[in-house]
Amino acid sequence: MSVSVSYKPKHASFRRQLPLHLMLLPCVAIVLIYHYYPMVGLSIAFQNYNPRMGFFGSKWVGLANFRYLMMLPNFASVLFNTVYISLMKMAAGLIVPIVYAILLDQIRISWLKRSIQTVIYIPYFLSWVILSGILIDLLSPSTGLVGDLFRSLGAEPPFLLADAAAFPYLLVVTDVWKGAGYGTIIYLAAITAIDPSLYEAAIMDGANRFKQVIHITLPGMAPIIVLMATLSLGNILNAGFEQVLNLYSPVVYSTGDIIDTFVYRVGLQNNQFGVATAAGLFKSVVSFVFIAVGYLLAYRFADYTVF
């Protein structure tokens with residue numbers, strides 16, 4: 001018995017896949033225009049940039065902008081604020097959605113479960129401009145709900161948005177309020193992928209719900225938890241520009257000013273484009289190093305590869 005094998009030429013395969021390649025062209029064009037072409041502007045970090053002279057006509061100063069940046073008296077506090085707030089957001093952004101997902105998974109009434117999930121998820125769709133307005137109204141010591149609550153208890157209402165000590169923690173709490181719903185959906189999807197027979201076997205062995213969570217649910221969620229933790233390392237210097245910009249004021253600069261808002265003030269308000277670009281490039285390089293280390297740690301200790 002003979003078997004005949006026909007080989008199709010490569011150009012025939014390419015012709016068949018050509019429509020798929022053409023469908024990708026708009027996406028490729030968008031990436032090139034909005035992600036790669038703006039990288040030409042990184043040269044500003046090494047120039048005494050003059051908008052009239054452009055990228056190629058401005059004076060080249062090498063690393064002078066970076067040296068000036070490091071010598072600024074408030075840059076150390078800005079860097080500390082950024083890392084401190086980012087680490088708290090990363091920790092809370094992992095722990096709270098995991099707890100939400102596990103608790104929601106224990107609810108057996110479907111309509112109640114969907115209702116709670118919807119309420120948790122709604123803030124994710126609102127911009128920080130809207131949420132900041134809501135928070136300012138709520139936290140106002142004169143007209144806000146918090147002020148009314150403290151006055152009803154006979155206490156002086158605090159102004160949290162003007163309290164430098166409380167401001168970083170307010171950022172973390174409100175960030176979790178906004179973003180926990182999205183993470184909860186991801187972890188709920190991970191829980192649904194766990195084999196139900198594992199829970200049945202655990203019940204037969206006498207395991208209660210808490211032990212089922214510890215020995216089945218959390219290990220089953222581990223790959224997604226490692227992935228989300230690894231990806232979050234890339235945001236180690238991203239403390240939330242829109243959130244901070246809409247909530248902070250000069251009163252809380254000492255604890256609430258981050259690299260992004262610092263770049264905004266230095267670059268757009270003070271017209272020091274070279275220094276602002278140097279700060280942004282510094283942030284990008286550090287974030288790249290952290291996410292590369294995160295991938296390495298995820299592969300070495302969890303045997304998990306993102307790509």
Side-chain angles (χ1 to χ4, degrees), residues 30-47 63 65-72 74-97 124 128 168 171-172 174-176 178-180 182-183 186 224-248 253 255-268 272-302 304-307:
I30 290 174
V31 170
L32 291 175
I33 294 172
Y34 292 103
H35 291 271
Y36 286 94
Y37 176 70
M39 288 185 180
V40 177
L42 294 177
S43 60
I44 297 176
F46 307 96
Q47 296 175 340
L63 299 177
N65 289 324
F66 291 91
R67 288 193 292 268
Y68 176 78
L69 178 68
M70 299 302 171
M71 292 174 61
L72 289 175
N74 59 335
F75 183 73
S77 64
V78 168
L79 183 59
F80 174 80
N81 294 339
T82 305
V83 175
Y84 183 59
I85 295 172
S86 298
L87 288 176
M88 288 194 295
K89 285 186 175 181
M90 288 166 54
L94 283 174
I95 296 173
V96 174
Y124 181 78
W128 273 116
L171 293 177
V172 176
T174 54
D175 182 74
V176 171
K178 184 179 188 300
Y182 176 78
I186 295 176
I224 298 300
I225 294 175
V226 171
L227 173 62
M228 298 301 291
T230 302
L231 294 178
S232 67
L233 287 176
N235 295 320
I236 190 67
L237 293 183
N238 185 14
F241 170 70
E242 293 181 3
Q243 179 192 20
V244 178
L245 182 66
N246 284 283
L247 290 176
Y248 84 150
Y253 277 179
T255 59
D257 196 17
I258 60 174
I259 290 179
D260 290 331
T261 53
F262 175 80
V263 169
Y264 170 77
R265 292 199 314 277
V266 171
L268 296 182
Q272 293 180 295
F273 303 108
V275 178
T277 307
L281 182 57
F282 169 79
K283 171 191 168 183
S284 299
V285 171
V286 173
S287 299
F288 173 77
V289 172
F290 270 98
I291 200 169
V293 171
Y295 288 154
L296 178 62
L297 294 177
Y299 175 72
R300 178 165 298 181
F301 295 104
Y304 187 83
T305 56
V306 179
F307 302 109

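Basis for what follows: all heavy atoms, side chains included, without hydrogens, waters or symmetry-related copies. All values reported here derive from a predicted model rather than from experimental measurement.
With Trp128 as the partner, the side chain to side chain contact (heavy atoms under 4.5 Å, CB included) test is satisfied by one option alone out of Leu245, Val244, Thr174: Thr174.
Nearest heavy-atom pair, Tyr68 versus Val275, reported as atom, atom and distance to 0.1 Å: CD2-CG2, 3.5 Å.
Taking Lys178 as the reference, nothing meets the salt bridge (Lys or Arg N to Asp or Glu O under 4.0 Å) condition, with sequence neighbours excluded. Every side-chain contact (heavy atoms from CB on, under 4.5 Å) that Ala180 has, sequence neighbours left out, goes to Val96, Pro97, Tyr100, Val176. Residues satisfying the side-chain contact (heavy atoms from CB on, under 4.5 Å) criterion with Ser284, sequence neighbours excluded, are absent altogether. Among residues two or more places apart in sequence or in another chain, the side-chain contact (heavy atoms from CB on, under 4.5 Å) test is passed with Met71 by none. Taking Ile33 as the reference, nothing meets the side-chain contact (heavy atoms from CB on, under 4.5 Å) condition, with sequence neighbours excluded. When the salt bridge (Lys or Arg N to Asp or Glu O under 4.0 Å) test is applied to Arg67, no partner is found at least two apart in sequence or on another chain. For Phe66, the ring pair (Phe, Tyr, Trp, His ring centres under 6.0 Å) test picks out Phe46, with sequence neighbours left out.
Going from atom CD of Gln272 over to atom CD1 of Ile44 covers 13.5 Å, rounded to the nearest 0.5 Å. To the nearest 0.5 Å, atoms CD1 (Ile186) and CD1 (Ile225) are separated by 12.0 Å.
Panel note: side chain Asn246, backbone Glu242; a donor-acceptor pair is recorded below 3.5 Å.
Side-chain contact between Thr277 and Asn65: absent, with no pair of heavy atoms (C-beta onward) separated by less than 4.5 Å.
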Distance-only check: which donor-acceptor pairs under 3.5 Å involve side-chain atoms of residues 256-268, not counting sequence neighbours?
residue: Asp257; atom: OD1; partner: Thr261; partner atom: OG1; Å: 2.6
residue: Asp257; atom: OD1; partner: Arg265; partner atom: NH1; Å: 2.9
residue: Asp257; atom: OD2; partner: Arg265; partner atom: NH1; Å: 3.2
residue: Asp257; atom: OD2; partner: Arg265; partner atom: NH2; Å: 2.6
residue: Asp260; atom: OD1; partner: Lys283; partner atom: NZ; Å: 2.7
residue: Asp260; atom: OD2; partner: Lys283; partner atom: NZ; Å: 2.9
residue: Thr261; atom: OG1; partner: Ile258; partner atom: N; Å: 3.1
residue: Thr261; atom: OG1; partner: Ile258; partner atom: O; Å: 2.9
residue: Arg265; atom: NH1; partner: Tyr248; partner atom: OH; Å: 3.4

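Identified under the side-chain hydrogen bond (donor to acceptor under 3.5 Å, both in side chains) test for residues 76-93, with sequence neighbours left out: Tyr84-Tyr169, Lys89-Gln243.
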Decide side-chain contact (heavy atoms from CB on, under 4.5 Å) for Leu79 and Phe282; before the verdict, give the C-alpha distance in whole Å, the side-chain angles of both, and the deciding distance to 0.1 Å.
-> CA-CA 11 Å; Leu79 183 59; Phe282 169 79; 4.0 Å; yes
